[in-house]
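To start, the structure under review is shown below, and the notes come after it.
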Amino acid sequence: MFQNSASSDATHHIKDAANMQGAGRRITIVGAGVAGAWQALSFAKAGYSVKVIERDDAAMTHATSHFAGGMLAPWCEQETSEPVITRLGTRSLDLWRTELPDTPFNGSLVVAHPRDRADFDHFARITSDYERLDAAAIDKLEPSLEGRFREALFFPHEGHVEPRRVLPQLHEKIAKAGGEIRFNSECEPDKLASDGGLVIDCRGIFARDAVKDVRGVKGEMIIVETDEVSLSRPVRVMHPRWPLYVIPREDHRFMIGATSIESEDNRVSVRSALELLSAAYALHPAFGEARIIEMGAGLRPALPDNLPRIAIYGNRINVNGLYRHGFLLAPALAELTVNYVTRGLIDNEVMQCS
Ligand SMILES: Cc1cc2nc3c(=O)[nH]c(=O)nc-3n(C[C@H](O)[C@H](O)[C@H](O)COP(=O)(O)OP(=O)(O)OC[C@H]3O[C@@H](n4cnc5c(N)ncnc54)[C@H](O)[C@@H]3O)c2cc1C
């Protein structure tokens with residue numbers, strides 16, 4: 001049975017929480033994806049003795065986090081998400097900046113082809129914190145797009161990370177902060193919790209034994225390589241079915257993402273590949289000559305309301321439901337968990353206590 005007491009603020013304190021533990025105490029985090037990595041780093045920095053158990057190897061190719069775009073875009077995401085995502089997302093931007101000061105915050109650009117004008121207007125109505133750009137301003141910002149769009153929305157405060165680079169960086173930081181990560185090592189969080197220490201379950205879609213209502217939402221993506229196009233920030237292209245985008249990576253690579261399909265099959269369909277590649281081609285015809293490097297799909301861990309949840313069962317805490325916002329939300333969720341464990345602070349919007 002869960003209880004959440006009402007509060008005028010998003011947070012309240014609980015006194016005498018059974019599982020509040022002092023710095024120096026042992027904490028085991030299960031799963032080293034973006035959720036687990038931020039939990040581990042935040043607890044290690046708060047002075048806890050942290051151990052991370054991850055069943056994959058250090059390349060993490062089976063984690064959902066491996067397939068992500070890594071966009072830190074709380075204002076663009078207002079299109080499809082609740083205000084709590086904006087609240088936690090904007091807090092996370094500060095935490096990314098503090099922990100990894102090299103994180104690029106070059107903003108995001110949103111463009112539309114004339115046939116998708118109505119979608120563009122709708123996007124502009126339900127999002128905030130953007131500037132409207134005309135053709136000249138777009139050319140200045142992204143010279144590769146010169147002459148291709150008459151109008152764009154520019155979200156100047158958004159950022160992005162490269163998940164396959166940033167996860168190892170976070171893992172390294174955990175080790176530097178005194179934490180231990182065991183790759184190729186599997187465990188059942190329930191059994192660990194029965195031994196007494198605090199356990200934080202960050203297994204995402206693989207936590208179904210404990211988080212009965214988690215489901216996978218398939219996100220397909222394609223990585224291409226070309227030196228004919230150069231972008232400095234993620235560019236979203238209006239699309240009637242999905243928010244499609246092209247994100248610049250290192251070495252002239254671009255990630256084209258992402259579909260959002262209620263399916264736990266993690267293969268890429270021909271239809272999705274056609275749509276993703278067409279979106280890139282329509283953004284710039286030079287993508288037609290790009291080399292395809294990889295096609296892949298990840299399963300976003302989603303709860304019925306598509307919102308994140310920190311569920312507290314005594315000395316076991318489940319952090320799940322990061323859905324399409326894992327990179328955007330993980331730092332703020334970790335901060336909330338630390339605040340709960342150290343000070344008994346409850347965030348009414350995302351925490352549930354047994
Ligand atoms: C195509 C795509 C694009 C996306 N783009 C973005 C984006 O631009 N911005 C954004 O914020 N989010 C994005 N997301 C969402 C984001 O990727 C997810 O929300 C996030 O990766 C979920 O992270 P997680 O740590 O909960 O799960 P995971 O990354 O799956 O990590 C869970 C880990 O637990 C491990 N594990 C499982 N069972 C055990 C066990 N018994 N013992 C030990 N370890 C175990 C697994 O091996 C895995 O490494 C995207 C997702 C997809 C698929």
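Both counts, for ligands and for their atoms, begin at 1 and track the order of listing.
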- [ ] For the pair Ser128 and Gln78, evaluate side chain to side chain donor-acceptor pair (under 3.5 Å) and give the outcome as yes or no after the intermediate values.
- [x] CA-CA 8 Å; Ser128 63; Gln78 287 172 327; 3.0 Å; yes
Task: Contact list for residues 318-334, test side-chain hydrogen bond (donor to acceptor under 3.5 Å, both in side chains), sequence neighbours left out - done: Glu77-Arg324, Glu77-His325, Arg316-Asn318
Nitrogen or oxygen contacts under 3.5 Å, ligand 1 side and protein side:
unit_1: ligand 1; atom_1: 5 (N); unit_2: Gly69; atom_2: N; d: 2.9
unit_1: ligand 1; atom_1: 8 (O); unit_2: Gly70; atom_2: N; d: 3.0
unit_1: ligand 1; atom_1: 8 (O); unit_2: Met71; atom_2: N; d: 2.8
unit_1: ligand 1; atom_1: 9 (N); unit_2: Met71; atom_2: N; d: 3.4
unit_1: ligand 1; atom_1: 9 (N); unit_2: Met71; atom_2: O; d: 3.1
unit_1: ligand 1; atom_1: 11 (O); unit_2: Gly326; atom_2: N; d: 3.3
unit_1: ligand 1; atom_1: 11 (O); unit_2: Phe327; atom_2: N; d: 2.8
unit_1: ligand 1; atom_1: 11 (O); unit_2: Leu328; atom_2: N; d: 2.9
unit_1: ligand 1; atom_1: 12 (N); unit_2: Arg324; atom_2: O; d: 3.1
unit_1: ligand 1; atom_1: 12 (N); unit_2: Gly326; atom_2: N; d: 3.3
unit_1: ligand 1; atom_1: 19 (O); unit_2: Tyr323; atom_2: O; d: 2.6
unit_1: ligand 1; atom_1: 19 (O); unit_2: Gly326; atom_2: N; d: 3.0
unit_1: ligand 1; atom_1: 21 (O); unit_2: Ser65; atom_2: N; d: 3.1
unit_1: ligand 1; atom_1: 21 (O); unit_2: Ser65; atom_2: OG; d: 2.9
unit_1: ligand 1; atom_1: 23 (O); unit_2: Ser65; atom_2: OG; d: 3.4
unit_1: ligand 1; atom_1: 25 (O); unit_2: Val34; atom_2: N; d: 3.3
unit_1: ligand 1; atom_1: 25 (O); unit_2: Ala35; atom_2: N; d: 3.1
unit_1: ligand 1; atom_1: 29 (O); unit_2: Thr64; atom_2: N; d: 3.4
unit_1: ligand 1; atom_1: 29 (O); unit_2: Ser65; atom_2: N; d: 2.9
unit_1: ligand 1; atom_1: 29 (O); unit_2: Ser65; atom_2: OG; d: 2.5
unit_1: ligand 1; atom_1: 30 (O); unit_2: Thr64; atom_2: N; d: 3.0
unit_1: ligand 1; atom_1: 30 (O); unit_2: Thr64; atom_2: OG1; d: 3.3
unit_1: ligand 1; atom_1: 41 (N); unit_2: Cys187; atom_2: O; d: 3.0
unit_1: ligand 1; atom_1: 42 (N); unit_2: Cys187; atom_2: N; d: 3.3
unit_1: ligand 1; atom_1: 44 (N); unit_2: Arg55; atom_2: N; d: 3.1
unit_1: ligand 1; atom_1: 47 (O); unit_2: Glu54; atom_2: OE2; d: 2.6
unit_1: ligand 1; atom_1: 49 (O); unit_2: Glu54; atom_2: OE1; d: 2.8
unit_1: ligand 1; atom_1: 49 (O); unit_2: Glu54; atom_2: OE2; d: 3.0

- [ ] Please check if any side-chain donor atom of His252 sits under 3.5 Å from a side-chain acceptor atom of Asp227, or the reverse.
- [x] no
Open item on the list: Could you work out, with side-chain contact (heavy atoms from CB on, under 4.5 Å) as the rule, every residue matching Arg148, not counting sequence neighbours?
Closed with: His284, Pro285
- [ ] Check side-chain contact (heavy atoms from CB on, under 4.5 Å) between Asn339 and all other residues, then give those that pass, not counting sequence neighbours.
- [x] Glu335, Arg343, Leu345
- [ ] Look at the rings of Tyr48 and Phe43 and say which category their plane angle falls in: under 30° parallel, 30 to 60° tilted, over 60° perpendicular.
- [x] perpendicular
